[in-house]
Amino acid sequence: MEKRPTTGTVYLVGAGPGEPDLLTLRAARLIAGARLIVHDGLVHPGILAMAHADARLISVAKSRARHTLPQEGINALLVREALTGNDVVRLKGGDPFVFGRGGEEMEACQAEGVPVEVVPGISAAMGAAAAAGIALTHRDNASIVSFVAGQCKGLTEQDWAGLAGKGRTLVIYMGVSTAPLIAEKLMADGLAPDVPVAVVENAARPEMRVLRGLLAGLPGLVARERVKSPALIIIGDVTARGDAALVRTALEAQQ
């Protein structure tokens with residue numbers, strides 16, 4: 001009787017927000033030793049270059065308009081490879097459990113008896129804020145931080161009241177294409193039009209841009225500067241700290 005192969009382990013690994021040196025040591029060791037890596041499109045090329053020359057790299061990159069493989073297909077791929085005896089490094093930008101669908105992949109593996117190990121990474125929000133010099137919880141301005149997804153279905157019907165305002169910082173993932181709806185929604189929910197905002201594009205990478213303005217001018221800022229993903233929107237008084245001259249110029253341009 002043919003012996004069934006030992007089930008492999010799926011490692012859900014956070015690749016962090018950008019450069020390879022922001023990886024955890026555990027993540028770097030797993031990438032270097034992997035024979036199979038299933039990766040997202042936002043993983044820095046320098047991180048993929050750390051893989052062994054004989055490693056098999058499978059891209060499951062997603063974009064707003066095109067998915068190489070639907071989430072159910074990714075889940076099935078991870079399970080199938082592990083059940084044939086392969087260890088799989090599932091490499092995700094940021095942290096696997098912060099808008100990374102890592103929870104869904106973990107549950108799919110567990111349902112089929114596949115061992116899973118989660119290796120956390122620096123989240124996009126943490127990485128972008130640090131790289132931009134924005135202290136999300138500066139004690140003079142904010143004691144609460146909220147993370148929301150700007151591409152969720154039924155965005156206009158969601159209740160965001162209280163997520164932003166005095167003493168609070170709001171970080172919006174995947175909000176570039178819906179910036180007009182986001183600004184309109186927040187102001188309709190009572191947030192002042194002149195609340196400071198920052199858009200961080202390509203965080204923690206050499207081509208990073210930090211764009212500052214006001215909530216009412218957010219759609220124009222995104223359109224005028226042709227902001228593209230990956231980018232985060234940060235809303236709150238903490239974004240107006242730091243380079244005062246830069247902030248003042250950005251704000252005056254929209255008034």
Side-chain angles (χ1 to χ4, degrees), residues 14-25 27 42-47 92-95 98-100 120-150 163-176 179 182-183 186 191-255:
E19 298 289 337
D21 58 3
L22 293 178
L23 287 169
T24 65
L25 292 175
L42 295 180
V43 176
H44 194 283
I47 292 176
K92 295 171 170 289
D95 181 272
V98 182
F99 297 122
I122 297 174
S123 70
M126 299 296 102
I134 297 173
L136 295 178
T137 58
H138 193 291
R139 66 176 182 168
D140 289 343
N141 300 107
S143 59
I144 297 174
V145 181
S146 299
F147 301 154
V148 300
L163 293 183
K166 187 173 180 59
R168 297 171 183 264
T169 302
L170 178 62
V171 181
I172 302 173
Y173 284 67
M174 302 168 285
V176 171
I182 289 170
L186 287 170
L191 196 59
D194 61 351
V195 168
V197 303
V199 180
V200 185
E201 181 187 64
N202 289 309
R205 300 186 181 197
E207 64 271 29
M208 181 181 77
R209 291 195 297 167
V210 182
L211 309 169
R212 303 179 193 262
L214 303 175
L215 178 60
L218 176 62
L221 177 66
V222 168
R224 183 174 62 254
E225 297 293 339
R226 299 181 180 181
V227 177
K228 297 185 182 301
S229 181
L232 286 181
I233 299 170
I234 306 175
I235 299 174
D237 289 340
V238 295
T239 66
R241 303 188 67 90
D243 190 335
L246 177 63
V247 173
R248 185 170 58 253
T249 300
L251 299 186
E252 289 175 349
Q254 295 183 44
Q255 291 175 347

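It should be emphasised that the depicted structure is a prediction, and the values quoted were computed from it without experimental measurement.
- Between the side chain of Arg168 and the backbone N or O of Ser146, no donor-acceptor pair lies under 3.5 Å.
- When atom types are taken as modelled, the side chain of Asp95 and the backbone of Ile122 share no donor-acceptor pair closer than 3.5 angstrom.
- The side-chain heavy atoms of Thr24 and Pro120, taken from C-beta on, include no pair separated by under 4.5 Å.
- Annotation for Gly213 and Leu221: closest pair N-CD2, 4.4 Å, computed over non-hydrogen atoms.
- Residues Pro206 and Glu19 form a side-chain contact, since some pair of their non-hydrogen atoms from C-beta on lies under 4.5 Å apart.
- Counting only distance, with no hydrogens or angles, the side chain of Thr239 and the backbone of Ile234 share no donor-acceptor pair below 3.5 Å.
- The NE2 atom of His138 sits 11.0 Å away from atom OG1 of Thr169, with the distance rounded to the nearest 0.5 Å.
- In plain terms, the two heavy atoms of Ala131 and Ala204 that are nearest each other are CB-N, 3.8 Å.
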**Request:** Start with the C-alpha distance between Leu191 and Ile235, add both sets of side-chain angles, then the distance that settles side chain to side chain contact (heavy atoms under 4.5 Å, CB included), and finish with yes or no.
**Result:** CA-CA 10 Å; Leu191 196 59; Ile235 299 174; 4.0 Å; yes
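- Within the 4.5 Å cutoff, the side chain of Pro20 has heavy atoms near those of the His44 side chain.
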**Trace of the side chain to side chain contact (heavy atoms under 4.5 Å, CB included) decision for Val199 with Leu218** = CA-CA 9 Å; Val199 180; Leu218 176 62; 3.8 Å; yes
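- Residues passing the side-chain hydrogen bond (donor to acceptor under 3.5 Å, both in side chains) test with Arg209, sequence neighbours excluded: Glu201, Glu225.
- Minimum heavy-atom separation, Ala132 to Val210: CB-CG2, 3.6 Å.
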**Request:** With side chain to side chain contact (heavy atoms under 4.5 Å, CB included) as the test, would you mind laying out the steps for Met126 and Leu136 before giving the verdict?
**Result:** CA-CA 8 Å; Met126 299 296 102; Leu136 295 178; 3.5 Å; yes
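- Here CG of Leu186 is found 5.5 Å from CD1 of Ile172. Values are rounded to the nearest 0.5 Å.
- Closest of all the heavy-atom pairs between Leu163 and Leu170 is O-CB, 3.9 Å.
- The minimum heavy-atom distance linking Ile182 with Gly150 is given by the pair CD1-CA, 4.2 Å.
- In terms of the side-chain contact (heavy atoms from CB on, under 4.5 Å) criterion, residue partners of Ala125 (sequence neighbours excluded) are, by chain and number, Ser123, Phe147, Val171, Tyr173, Leu232.
- Minimum interatomic distance between Gly93 and Val43 (heavy atoms only, all atoms of both residues): N-CG2, 4.1 Å.
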